[in-house]
Structure formats: structure tokens, C-alpha cells
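Both ligands and their constituent atoms are indexed starting at 1 by order of listing.
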Amino acid sequence: MAKDLIIACDFSDREAVFRFLDSFSGKKPFVKIGMELFYAEGPRIVREIKARGHKIFLDLKLHDIPNTVKKAMKVLSALDIDMCNLHAAGTSAMMAAALEGLTRPDGTRPLLIAVTQLTSTGEARMRNELLIGTGLEETVMHYALNAKSAGLDGVVCSPLEAGAVKARCGAAFLTVTPGVRFKDSEADDQVRITTPEQARALGSDYIVVGRPITAADDPVSAYTRCLKEFLGD
Ligand code: C5P
């Protein structure tokens, strides 16, 4: 399976994202569009970036009743995206409905990835507010297995969890991992971080990298360096 680097395009409007993508001239990186940009600019931003030749991970983390998610996924699939996601907490019924909605009339569909527990949710909050008494790591692995049983393609997780996810769910189950930093760059608000080389060694299939590229003085060389370190060539 092809490993790749996905740039988290966390910009607030289309002018900013196009200014950024224009600097790549011939290159067409895989990009992640999140809630901020999507809610600000609507589906048109997805069509425009796709028309420029980029693969798109649409990071909207759906979580609703199965029928609603199925219909929403049908709409997203028609945008010709390459990857999207949902919360595994929506249950297997919701995940199965999402897959149905995503599948296009010709049988193709974007990759569907599950969020297990948000990395902003610590074990204490999970126990005290969500009343989930199992440990955090066990909960993450259990949700990953639910996603796998429902037919999803993989999970979003830390590179530090990628090996355990592969061990439990199989080597073909994708790990999409944010929390990646160069060894000489700022951690920002990320806590459990690895370098691109470590992410590869730990079994990440896709690394999702934002600020080390988007906020770099030279984003194109930061992208090239990150991709090279991740692919190991
Ligand atoms: O700028 P940075 O490299 O930290 O960006 C990481 C991206 O991955 C952001 O878009 C962030 O929202 C997303 N993400 C994350 N941790 C998760 C899920 C998504 O950092 N668990």
C-alpha cells in the first residue's frame, strides 16, 4: 500500500489555501480539508482543490444517527474525495450505514477512517465524564476493532499507537497519524509526537502534517523534506 504525507490545510479561507497551494507549482500534495475551511467556504472548496489535481482527505468527523450519516456520506462521496472520517463512538450500525452511503453507483468509494478517542480526551475525562471505565489504550483498540468489523479502512491515531493497531486489526488496516514533527521543530500544542522517520518505523501509512509545513518559511522544502524522511528515500 502506498504511504503518503497529507498536508493539514488548516486555513480560514480559499485565498489563503490557494496562495499556499500555488507555491507548490508542479507538485500536487495530498491535502486535508478540515471543518474550519469547509464550513467557511462550503463544498465548492473541495471541488476546486480536486480540480487542481490534489487528493483530498475531508476531515469532518461525522457522528449522528445511521440514516443521517448515510445520506451525508452520499453527498460527500459525490464530491469525489479520496478519504473521509467519522467517530467510531457512533457505533457499528452508524459505520456500516456510512459505508453504504459512501459507495458510489460504480462500486468505488473514498477510504473511510474512524476516530477512536480524540487525542484531546484524556483517561480521567473519559472515565469521569463519558463513564467509560476501561483504560484509554484498551478503549482505542476496541473502537479500532469495531471499525474494522464494520468494514472501515483504518483509524486516525498517534504514530505511537500505530503498531498496536496493526497488531490487533491486521497490517492492511490503515493508520492515519497526526502528531508528527521534525526533530528540530516546535511541538506546538501536540504532545505525543514522533518524527517522520519514527512514524514510518512505527507503521504509519499516512502522516498528517500541518504547521511544520504550513507555517514554515519555505513550505515546499519543508514538505519535500518531510516526505523524504517519511518514505525513507
Ligand atoms: O499543525 P499540526 O501538524 O499539529 O496539524 C495536525 C492536524 O491533524 C490538525 O488538522 C489537527 O486537527 C489534526 N488532528 C490531530 N490529532 C487528532 C486528529 C486530528 O492533530 N487526533
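- Counting heavy atoms of neighbouring residues, nucleotides and ligands inside a 6.0 Å radius, atom NZ of Lys28 exceeds 12 of them.
- Taking CG of Leu86 as the start and CG of Leu99 as the end, the distance is 8.0 Å to the nearest 0.5 Å.
- Partner of Asp82 under the side-chain hydrogen bond (donor to acceptor under 3.5 Å, both in side chains) criterion, chosen from His54, Lys55, Lys50: Lys50.
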Provide, line by line, the atom pairs where ligand 1 and the protein bring an N/O atom each to a distance under 3.5 Å; else say none.
residue	atom	partner	partner atom	Å
ligand 1	1 (O)	Arg211	N	2.8
ligand 1	1 (O)	Arg211	NE	2.7
ligand 1	3 (O)	Arg181	NH1	2.9
ligand 1	3 (O)	Gly210	N	2.8
ligand 1	4 (O)	Arg181	NH2	2.8
ligand 1	4 (O)	Gln190	NE2	2.9
ligand 1	4 (O)	Arg211	NH2	2.8
ligand 1	10 (O)	Asp10	OD1	3.4
ligand 1	10 (O)	Asp10	OD2	2.8
ligand 1	10 (O)	Lys32	NZ	2.9
ligand 1	20 (O)	Gln190	NE2	2.8
ligand 1	21 (N)	Thr119	OG1	2.9

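- When Leu5, Leu174, Thr177 are each tested for a side-chain contact (heavy atoms from CB on, under 4.5 Å) with Tyr206, only one passes: Leu174.
- If you run side-chain hydrogen bond (donor to acceptor under 3.5 Å, both in side chains) between Arg181 and each of Thr195, Thr194, Asp188, only Asp188 comes through.
- Among all heavy-atom pairs drawn from Met95 and Ala88, the shortest one is CE-O, 3.8 Å.
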